[in-house]
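Computed from heavy atoms alone, side chains included, the values below leave out hydrogens, waters and symmetry copies.
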Amino acid sequence: MSAPNAGDTAWVLVCAGLVLFMTPGLAAFYGGMVRTRNVLAMLQQNMIALGVVSLTWVLVGYTIAFGDDAGSGLFGNLELFGLTDLKVPPAPNLHVVDGRITIPTLAFVLFQMMFAVITPALVTGATAGRLRFGGWVLFLAVWSVVVYAPIAHWLWHPGGWLAKFGTQDWAGGLVVHASAGAAVLAVLLVVGRRRDWPHTAAPPNSIPLTIVGAGILWFGWFGFNGGDGLQANGLAAQAVLNTHLAAAAAMLVWLALERVTDGHSTVVGAVSGAVAGLATVTPTAGYVNAASAVAIGALAGLVCHFALKLKYLLRLDDALDVLAVHFVGGMLGTLLLGLFGNRGVNPLGADGLFLGGGGGLLWRQLVGVVSVVAFSFVLTWLIAAGVQALIGLRVPLADQERLDQAQQGADAYHLGGVTSLTAPGAPRRRAAAAPAGEPAVPPGQRVRVVTALLEPDPAANSADLRDALLRAGAISVIVSDAAVATTTPQASLLPRGYWQDQPLAARLRVTVLVGADGVAAVLDELDRMGARRSDTFVQEAERVSS
């Protein structure tokens, strides 16, 4: 066999890095969507897969997936256990690649490792707020070997039974998305629902973090789909282009549907549509042309958007809609390949129904979907139930809203005034502020304290608020956040068309120190800003001596 090709090797290694980058991208994507007190737990659940699954893959996962077939087409033998005796590159060839491909075996091991890492991490979006960390680590280790590796063998090893049957999966519509989606169904049956679901909603803590994560995923997906031919050639370019076009089409369709159904086209909807398009085009990226990729992306935006209702029909608390985006997207793309497959793009593929190939490929794709989903669901349920019985997979109910403190003893954000104070040993970053001037009212003199509640919007400019009150005679002004009980809950729109009734409405509490002769002017100014007299109080006070 010829020596490894330097260009192809470099491309596969770059793609491996891109797919690795997707795991922290997924962590950010999910992390921004959960409650403030569960952010670190979500990031940890995703990042730990890089440690756990990388080792299980090298020890036994790779040989089960890509070792020589044991004879049944179900899994490979154990001769590559621990990578102690590797074959010549590539060992073995993928069924989508011909014998001219020559890359080092370790480059192929590394590239495939990153797929094994990110696949179970997808589950964490569905189970947000409910996973015990130790149980999740054990689940990751077992699932990556018992479920993921055999499915990879079925489809991506030339001796795998689905590969020989003719089912095609370019980069993981079945191996990654359908298997993880079926795992979501099983794990949710074990860990159950969050408290009061579906009658309470969880507002995201940082939509900007989610958008950054989505951008990383989109970028990394170029390696996810672009590297599966193991060559830096025209087919890789076609796969990358198809990936991008499908994401773009799905984004636009999702936004249009949001506008029609909810009245707003949101940035969370934009990235949700894009990720749905990316997941759906994954099994087809190396087998279809650009026009077909656009059609596949558009269908992904349409179908996955309406699949958001799936969790309510199934009564499954899928927190971040993994079922709608990844599970439905992976299965949809797999079936659409049976329609849009084009041997003119990839001679190793097959023509779909729309290209004159008849229904044969569509039938083989359907068999693959049913087989992978059934296998993953049953084994995942057994694994999750076993972990729950052995060490626990579901967190106690009392910890669901405070996983960061319960599991890590820390908080993701320190935004309050008290928690932001420096502590002994902290370096001083700037000179201490000069002491404030003496108050206009001498100690011991009687004054008035006026307290009022304002709507945040009319008082949005702090300088205007301060200046207006000082002109009215205020001696000092203190503004703080407050919330008031409402007789009619205010509807608050959440991402992806969800909403919640908020019985506490945000207000600004304004506390003004003023001389007795200035009370009327301050009250008039507060009235002008929208304060209600029924929520305004005037109290006598005395300036405390220093």
Side-chain angles (χ1 to χ4, degrees), residues 4-27 29 49-50 53-54 57-58 61-62 65-66 83 89-98 100-119 121-122 148 152 155-157 168-177 180 213-247 274-275 277-288 293 330 333 345-346 348-349:
N5 182 283
D8 294 340
T9 301
W11 172 239
V12 171
L13 291 176
V14 167
C15 289
L18 289 171
V19 181
L20 182 152
F21 195 32
M22 293 175 71
T23 296
L26 184 69
F29 184 72
L50 283 166
V53 181
S54 296
W57 182 252
V58 167
Y62 178 76
F66 293 105
L83 305 184
N93 295 329
L94 287 176
H95 72 280
V96 297
V97 201
D98 61 31
R100 296 171 296 176
I101 308 303
T102 51
I103 61 170
T105 301
L106 288 180
F108 181 68
V109 171
L110 181 66
F111 179 64
Q112 289 293 336
M113 176 193 294
M114 301 312 162
F115 286 77
V117 166
I118 198 172
T119 301
L122 295 173
Y148 178 84
L155 286 149
W156 287 345
H157 188 286
Q168 297 182 343
D169 185 5
W170 176 257
L174 290 175
V175 177
V176 176
H177 297 285
I216 295 173
L217 286 173
W218 195 329
F219 174 63
W221 229 294
F222 287 174
F224 198 89
N225 289 350
D228 285 84
L230 305 183
Q231 283 186 298
N233 59 7
L235 184 57
Q238 181 73 69
V240 171
L241 177 63
N242 289 345
T243 300
H244 186 70
L245 291 176
V275 173
L278 292 166
T280 305
V281 79
T282 290
T284 73
Y287 295 124
V288 301
V345 172
N346 186 344
L348 296 177

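In this structure, Gln112 and Trp57 have side chains that are in contact, with non-hydrogen atoms separated by less than 4.5 Å. Contact of the Trp221 side chain with the Val19 side chain is not registered, since no non-hydrogen atoms from C-beta on lie closer than 4.5 Å. Using a 4.5 Å heavy-atom cutoff, the side chains of Leu20 and Val117 are not in contact. Using a 4.5 Å heavy-atom cutoff, the side chains of Leu26 and Ile118 are in contact. Counting heavy atoms from C-beta outward, Val275 and Phe29 have side chains that approach closer than 4.5 Å. A heavy-atom distance below 4.5 Å is found between the side chains of Pro104 and Thr9. Between Leu230 and Phe111, the closest side-chain pair of non-hydrogen atoms falls below 4.5 Å.
Taking each heavy atom of Gly333 and Pro283 in turn, the nearest pair found is C-CG, 3.4 Å.
Each of Asn5, Asp8, Val12 was compared with Gln231 under the side chain to side chain contact (heavy atoms under 4.5 Å, CB included) criterion, and only Asp8 meets it.
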May I have the list of side-chain donor-acceptor pairs in residues 240-247 shorter than 3.5 Å, sequence neighbours left out?
residue: Asn242; atom: OD1; partner: Gln238; partner atom: NE2; Å: 2.9
residue: Asn242; atom: ND2; partner: Gln238; partner atom: O; Å: 3.3
residue: Asn242; atom: ND2; partner: Ala285; partner atom: O; Å: 2.9
residue: Asn242; atom: ND2; partner: Val288; partner atom: O; Å: 2.8
residue: Thr243; atom: OG1; partner: Asn225; partner atom: ND2; Å: 2.9
residue: Thr243; atom: OG1; partner: Ala239; partner atom: O; Å: 2.7
residue: His244; atom: ND1; partner: Trp218; partner atom: NE1; Å: 3.2

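Residues passing the side-chain contact (heavy atoms from CB on, under 4.5 Å) test with Leu18 are Val14, Phe219, sequence neighbours excluded.
In this structure, Trp170 has its ring center at least 6.0 angstrom away from the ring center of His177. For an aromatic pair to be called close, the ring centres must be under 6.0 Å apart, and Phe115 with Tyr148 fails this.
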